[in-house]
There are 2 protein chains.
Amino acid sequence: MAHREFKDRLYGEFARIGKAVASPQRLEFLDLLAQREWSVEELANETDQSIANASAHLKVLRTAQLVETRRDGSYIYYRLADQNVVRLWQAIRDIGQERLAEIDRIVDQFMAGRDDFQPVDAQTLLNRLHEDDVLLLDVRPKAEYDQGHLPGARSVPIDELESHLEELDPDREIIAYCRGPYCLFADEAVELLRQRGFQARRMADGLPDWRMAGLPVQREGVNE
Amino acid sequence: MAHREFKDRLYGEFARIGKAVASPQRLEFLDLLAQREWSVEELANETDQSIANASAHLKVLRTAQLVETRRDGSYIYYRLADQNVVRLWQAIRDIGQERLAEIDRIVDQFMAGRDDFQPVDAQTLLNRLHEDDVLLLDVRPKAEYDQGHLPGARSVPIDELESHLEELDPDREIIAYCRGPYCLFADEAVELLRQRGFQARRMADGLPDWRMAGLPVQREGVNE
DNA sequence: AGACTATTCAAAGGATCGTTTGAATACTGG
DNA sequence: CCAGTATTCAAACGATCCTTTGAATAGTCT
């Protein structure tokens with residue numbers, strides 16, 4: 001085969017990106033980084049690993065150019081380098097969801113009764129946003145809401161949901177969303193809300209998917 | 001962090017897909033499998049590796065459910081399991097192209113003068129297909145053409161191009177395409193054609209990208 | 001059924017990766 | 001300039017991955 005050196009070097013470079021997504025820890029980072037920027041320490045805490053180890057994984061992601069950094073005060077914040085990285089993570093997620101039976105089993109075990117939550121897809125939801133009968137709840141931590149959220153969504157982090165129940169209009173259907181299709185916050189929110197007599201469902205995906213679909217994202221009152 | 005077991009198992013599963021794309025050899029396989037189905041032996045020959053080794057890599061791809069097999073006679077043919085696998089490969093390719101400086105360098109070295117070939121993108125080409133002033137040349141091996149090609153394209157494998165030059169209309173602009181943006185066949189075709197006085201350019205991407213864009217693909221005279 | 005052959009398996013080596021530990025670095029903020 | 005701290009580095013270990021080799025398997029075809 002001619003041009004072998006060209007191909008070896010070329011595919012070798014692309015494989016650096018493949019290697020970057022070849023670890024559970026790094027994929028979890030990407031999922032989190034799709035929500036907002038995080039410091040090394042925050043990521044280490046959120047994912048239960050040592051700071052040195054988190055730093056090593058981040059280095060791999062940075063070498064493959066999937067993430068970028070900026071310094072603010074004494075913290076270094078990591079963010080995705082590109083919306084294409086979300087595309088990459090979505091492609092992996094979609095293949096896994098569609099083809100890996102083991103993922104079904106895990107979801108059945110830990111997101112029991114998920115189908116009862118009648119997940120709403122983004123497009124359907126967009127159409128209903130103009131009607132005024134639906135209340136959108138962003139149940140992610142506040143820091144993620146602040147970096148961008150669905151238009152008109154209200155931030156009620158899952159931990160604070162119980163103490164804000166009386167502020168919610170019981171006549172409007174509530175749709176909760178969080179980080180993505182495998183984020184448990186929305187499931188927990190729907191479960192709690194239904195127990196207390198609300199009509200509630202979850203959105204199928206999360207904010208990054210909404211954004212990738214080209215739908216409008218709100219941030220500090222300004223539309224993107 | 002609660003739900004750690006859920007996340008570990010879930011991201012662990014997704015990482016199997018990541019691991020599958022973490023090797024240059026397997027990425028090259030995916031690029032080839034996006035063109036047509038191949039037997040183990042064909043893939044091993046095309047990529048200059050031993051059959052046992054190719055078989056081992058294919059096993060990884062199959063375990064991650066990126067490829068499927070069928071038997072025909074005494075050969076086992078591997079094919080992509082899903083169009084989503086092309087999406088995955090495209091996402092990796094796009095990130096690499098946009099962000100890895102080393103890839104630029106490799107392309108400059110081995111695809112010298114590429115920009116002179118004035119690559120045409122798919123959408124532009126689609127519009128010109130209806131006019132009759134352009135001749136589309138599929139310079140991939142015949143077997144790949146047979147599994148699907150651009151509407152109206154003529155198959156002239158790069159090895160046979162020289163001996164078919166006199167059959168080509170010198171008054172029509174020729175657009176050559178092959179496997180993808182990093183496939184050298186189209187570059188070689190354009191170079192040869194221009195030397196012989198033809199007006200020639202290459203298409204920027206390959207057939208799989210054309211198909212993924214939702215554009216029509218022809219196969220054995222039937223449109224897809 | 002038996003010869004043939006494409007593919008897979010098993011074992012073994014060398015290389016690479018993941019994690020931990022403790023120290024070094026680099027920047028901040030006063 | 002100095003103290004403090006978030007982050008990175010270096011070394012070392014075990015685990016995993018890649019490749020080769022030779023044998024085993026599982027089908028086909030006569």
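Protein chains get the first letters and strands the later ones, always in sequence-line order, with residue 1 at the start of each.
Regarding B/Y11, its OH atom lies at a distance of 18 Å from the P atom of C/dG18, rounded to whole Å. When rounded to the nearest whole Å, the span between CG of B/N45 and P of C/dA6 equals 11 Å. Per the geometry, OH belonging to B/Y77 stands 17 Å off P belonging to D/dG27, to the nearest Å. Between the P atom of D/dG27 and the CD1 atom of B/I76 lies a distance of 8 Å, rounded to the nearest Å. Regarding A/F29, its CZ atom lies at a distance of 13 Å from the C1' atom of C/dG18, rounded to whole Å. In this structure, the CG atom of A/L43 is 11 Å from the P atom of D/dT8, given to the nearest Å. The NZ-C1' distance, from B/K19 to D/dA15, rounds to 11 Å in whole Å. Separating the CD atom of A/E42 from the C1' atom of D/dT7 is a distance of 14 Å, rounded to the nearest angstrom.
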Report, one pair per line, the protein and nucleotides 11-13 of chain C atoms (nitrogen or oxygen only) whose separation is under 3.5 Å.
none

Got a list of protein N/O to nucleotides 19-23 of chain D N/O distances below 3.5 Å?
residue: D/dT19; atom: OP1; partner: B/Q25; partner atom: NE2; Å: 2.6
residue: D/dT19; atom: OP2; partner: B/N53; partner atom: ND2; Å: 3.1
residue: D/dT19; atom: OP2; partner: B/H57; partner atom: NE2; Å: 2.5
residue: D/dT19; atom: O5'; partner: B/N53; partner atom: ND2; Å: 3.4

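Inter-residue side-chain proximity for B/L66 and B/L80 is flagged as unmet; no heavy-atom pair is nearer than 4.5 Å. With a 4.5 Å cut-off on side-chain heavy atoms, A/R140 and A/P157 do not count as touching.
A/A200 is linked by a side-chain contact (heavy atoms from CB on, under 4.5 Å) to A/I174, A/V190, A/L193, A/R194, counting only residues two or more places apart in sequence or in another chain. For B/E144, the salt bridge (charged side-chain N to carboxylate O under 4.0 Å, His left out) partners at least two apart in sequence or on another chain are B/R179. Residues passing the salt bridge (charged side-chain N to carboxylate O under 4.0 Å, His left out) test with B/K59, sequence neighbours excluded: none. Partners of B/D104 by salt bridge (charged side-chain N to carboxylate O under 4.0 Å, His left out), not counting sequence neighbours: none found. For A/R154, the side-chain contact (heavy atoms from CB on, under 4.5 Å) partners two or more places apart in sequence, or in a different chain, are A/L137, A/V156, A/H164, A/E167, A/L168.
Note that CG of B/L33 is 7.0 Å distant from CG of B/L58, once rounded to the nearest 0.5 Å.
The aromatic ring centroids of B/F6 and B/Y11 lie 6.0 Å or more from each other. For A/Y182 and A/F110, the ring centers sit 6.0 Å or farther from each other. Between A/W89 and B/F14, the distance from one ring center to the other falls under 6.0 angstrom.
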Contact pattern, 5' to 3', of nucleotides 25-30 of chain C - B, S or - by protein heavy atom under 4.0 Å: --SSS-
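Note on A/Y78: a side-chain N or O is less than 4.0 Å away from OP1 or OP2 of D/dT8. Contact annotation: B/S55 side-chain N/O to C/dT7 OP1/OP2 distance is not under 4.0 Å.
Within residues 59-70 of chain B, no residue approaches DNA chain D, by heavy-atom distance under 4.0 Å.
If you check every strand for non-hydrogen atoms under 4.0 Å, B/L58 touches nothing.
Applying the salt bridge (Lys or Arg N to Asp or Glu O under 4.0 Å) definition to pairs two or more places apart or across chains, those involving residues 12-24 of chain B are B/E13-B/R16. Applying the ring pair (Phe, Tyr, Trp, His ring centres under 6.0 Å) test to every pair with at least one member in residues 26-66 of chain A, sequence neighbours left out, gives no pairs at all.
Using bins of under 30°, 30° to 60° and over 60° for the plane-to-plane angle, the ring pair B/H149/B/Y145 lands in the parallel bin.
Rounded to 10 degrees, the angle separating the terminal helix axes of the helix from C/dG14-D/dC17 to C/dG30-D/dC1, each built from five base pairs, is 40°.
Scanning both residues, A/V86 and A/A34, for their nearest heavy atoms gives CG2-CB, 4.4 Å.
A salt bridge links B/D209 with B/R93: the closest approach of a Lys/Arg side-chain nitrogen to an acidic carboxylate oxygen falls below 4.0 angstrom.
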